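For reference, the structure is listed below as structure tokens.
Note on naming: letters A, B, ... go to the chains in the order of the sequence lines (proteins, then strands), and numbering restarts at 1 for each one. None of the values given here were measured: they were computed from a predicted structure.
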Number of protein chains: 2
Amino acid sequence: MDALTDDEVDALFRALADRTRRDIVARVIDAEQSVSALAERYAMSFAAVQKHVSVLERASLVAKRRRGREQIVTADLAAVRRARAVLDVYEQLWRHRAAQIDALLAEG
Amino acid sequence: MDALTDDEVDALFRALADRTRRDIVARVIDAEQSVSALAERYAMSFAAVQKHVSVLERASLVAKRRRGREQIVTADLAAVRRARAVLDVYEQLWRHRAAQIDALLAEG
DNA sequence: CTAACGTGCAACCAAATGGTTGTACAAATG
DNA sequence: CATTTGTACAACCATTTGGTTGCACGTTAG
């Protein structure tokens, strides 16, 4: 569980901060599919979807695998879990602070 | 647990997609503090930090409370948990797909 | 009262984002 | 072979983002 760099966390959350990209992630979790198959589902150009997939790829949320002339997009849930781990740190900080407050109250 | 709108999820993840804002969240979880106290910690203008706090506020990750001339920034962990819940949906989809594959294999 | 402090906000700027169209090329199809 | 399909990539554009400075205004301290 090597720590993520700030850049990697930036890329992760930025990739998740777009509804089209979140939808793409959901779709490829459900069933891996080509970029063009994905593009058919959205009211935007193929190139736009291609860019979204590229953003997801740089965030490691998806990977691409070539199959003939198609590029198959697959989900990588490890990145989702890394994002969750970042949020869990906040939860930990929260509990730590709560514990400190309790300690202070008990002491006083 | 009313469902979040796409806009709200967008705002949540976008707010988290910046290291300064993530650091601000961590700091105010540890101890609530004024905007100017926060601003002292960063190599940028007060106005810049003010804007970051504003982004976090619109994402409900923090709240501001006035104390005299100061504006005290406090963490709202509920938003962190909402973000986690979004990620959990992906995990659920993943398990659902895995279960489907298992069922297919068992059937065959 | 005067000065300093903390904030709010507007104007401005460079860079990134999310979209477009057009071109090029490799792979599959007829 | 010629055509269609799927992809890659560049150029371009409008909007958003992340920063700046400057100014106004209420609040606290001397």
Side-chain angles (χ1 to χ4, degrees), chain A residues 5-28 31-75 83, chain B residues 5-28 31-75 83:
Chain A
T5 66
D6 283 337
D7 283 333
E8 287 168 332
V9 181
D10 285 359
L12 245 183
F13 284 120
R14 183 159 32 249
L16 290 167
D18 180 282
R19 65 201 65 183
T20 301
R21 287 197 290 265
R22 286 194 301 275
D23 195 70
I24 289 175
V25 170
R27 283 187 192 277
V28 300
E32 60 181 39
Q33 55 199 289
S34 69
V35 179
S36 54
L38 282 169
E40 283 171 17
R41 317 297 183 89
Y42 304 101
M44 65 183 74
S45 69
F46 171 80
V49 175
Q50 211 178 12
K51 279 192 189 181
H52 280 307
V53 171
S54 168
V55 170
L56 290 169
E57 203 182 2
R58 266 173 292 160
S60 300
L61 279 159
V62 306
K64 286 194 301 188
R65 169 173 40 93
R66 192 164 270 287
R67 191 178 63 190
R69 64 183 166 190
E70 292 180 323
Q71 202 74 268
I72 305 300
V73 182
T74 63
Chain B
T5 66
D6 282 337
D7 283 334
E8 288 167 333
V9 181
D10 285 0
L12 245 183
F13 284 121
R14 193 181 312 283
L16 290 167
D18 180 283
R19 65 202 65 184
T20 301
R21 287 196 291 265
R22 287 193 301 275
D23 195 70
I24 289 175
V25 170
R27 282 188 192 277
V28 301
E32 60 182 40
Q33 54 199 292
S34 70
V35 180
S36 55
L38 281 170
E40 284 171 16
R41 317 296 183 90
Y42 304 101
M44 65 183 74
S45 69
F46 171 80
V49 174
Q50 211 178 12
K51 279 192 187 179
H52 280 307
V53 171
S54 168
V55 170
L56 290 169
E57 202 181 4
R58 267 175 291 159
S60 300
L61 279 159
V62 306
K64 286 193 300 186
R65 168 173 42 92
R66 193 165 269 286
R67 191 177 63 190
R69 65 184 165 188
E70 292 180 324
Q71 200 75 266
I72 306 300
V73 183
T74 63

N/O (side chain, [X]) to phosphate O (OP1/OP2, [N]) under 4.0 Å:
{"X": "B:Ser36", "N": "C:dT7", "value": "yes"}
{"X": "B:Ser45", "N": "D:dT20", "value": "yes"}
{"X": "A:Arg21", "N": "C:dG18", "value": "yes"}
{"X": "B:Gln71", "N": "C:dG8", "value": "yes"}

Within 45° of the axis and under 6.0 Å from the centre of the six-membered ring of A:Phe13, does NZ or CZ of A:Arg22 qualify?
no
Nearest to the side chain of [X] - [options]?
{"X": "B:Met44", "options": "D:dT20, C:dT20, D:dT7", "value": "D:dT20"}
{"X": "A:Glu70", "options": "D:dG19, C:dT21, D:dT7", "value": "D:dT7"}
{"X": "B:Arg69", "options": "D:dG18, D:dT7, D:dT28", "value": "D:dT28"}
{"X": "A:Gln50", "options": "C:dG19, D:dC9, C:dG8", "value": "D:dC9"}
{"X": "A:Lys51", "options": "C:dG19, D:dG18, C:dT7", "value": "C:dG19"}

Using atom [atom1] of [X] as one end and atom [atom2] of [N] as the other, report the distance to the nearest whole Å.
{"X": "A:Arg67", "N": "C:dA27", "atom1": "CZ", "atom2": "C1'", "result": "13 Å"}
{"X": "B:His52", "N": "C:dG8", "atom1": "NE2", "atom2": "P", "result": "16 Å"}
{"X": "B:Arg58", "N": "D:dG18", "atom1": "CZ", "atom2": "C1'", "result": "12 Å"}
{"X": "B:Asp18", "N": "C:dT17", "atom1": "CG", "atom2": "C1'", "result": "15 Å"}
{"X": "B:Leu38", "N": "C:dT7", "atom1": "CG", "atom2": "C1'", "result": "13 Å"}
{"X": "A:Leu16", "N": "C:dT17", "atom1": "CG", "atom2": "P", "result": "14 Å"}
{"X": "B:Lys64", "N": "C:dT7", "atom1": "NZ", "atom2": "C1'", "result": "8 Å"}
{"X": "B:Ile24", "N": "D:dG19", "atom1": "CD1", "atom2": "C1'", "result": "13 Å"}

On DNA chain C, does the nearest nucleotide to B:Phe46 precede the nearest nucleotide to A:Val55 from the 5' side, or the other way round? Give the residue.
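Nearest nucleotide further toward 5': that of B:Phe46.
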More 5' along DNA chain C: B:Arg14 or B:Glu40, using each one's nearest nucleotide?
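The residue mapped nearer the 5' terminus is B:Glu40.
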Any donor and acceptor pair, going by atom type alone, linking the side chain of B:Arg21 with main-chain N or O of B:Ala15 inside 3.5 Å?
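Answer holds: yes.
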Mark yes or no for whether A:Arg14, through its side chain, and B:Asp18, through its backbone, hold a donor-acceptor pair below 3.5 Å.
no
What does [X] touch in the nucleic acid at a heavy-atom separation under 4.0 angstrom: a base, only the sugar-phosphate, or nothing?
{"X": "A:Arg19", "answer": "nothing"}
{"X": "A:Ala39", "answer": "nothing"}
{"X": "B:Thr20", "answer": "nothing"}

Does a side-chain N-to-carboxylate-O contact under 4.0 Å join B:Asp23 and B:Arg19?
no
If we only count heavy atoms from C-beta on, is the B:Arg65 to B:Gln71 side-chain gap below 4.5 Å?
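Counting from C-beta outward, B:Arg65 and B:Gln71 never come under 4.5 Å.
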May I ask you to check whether over 12 heavy atoms, not counting those of B:Arg66, lie within 6.0 Å of atom CZ?
yes
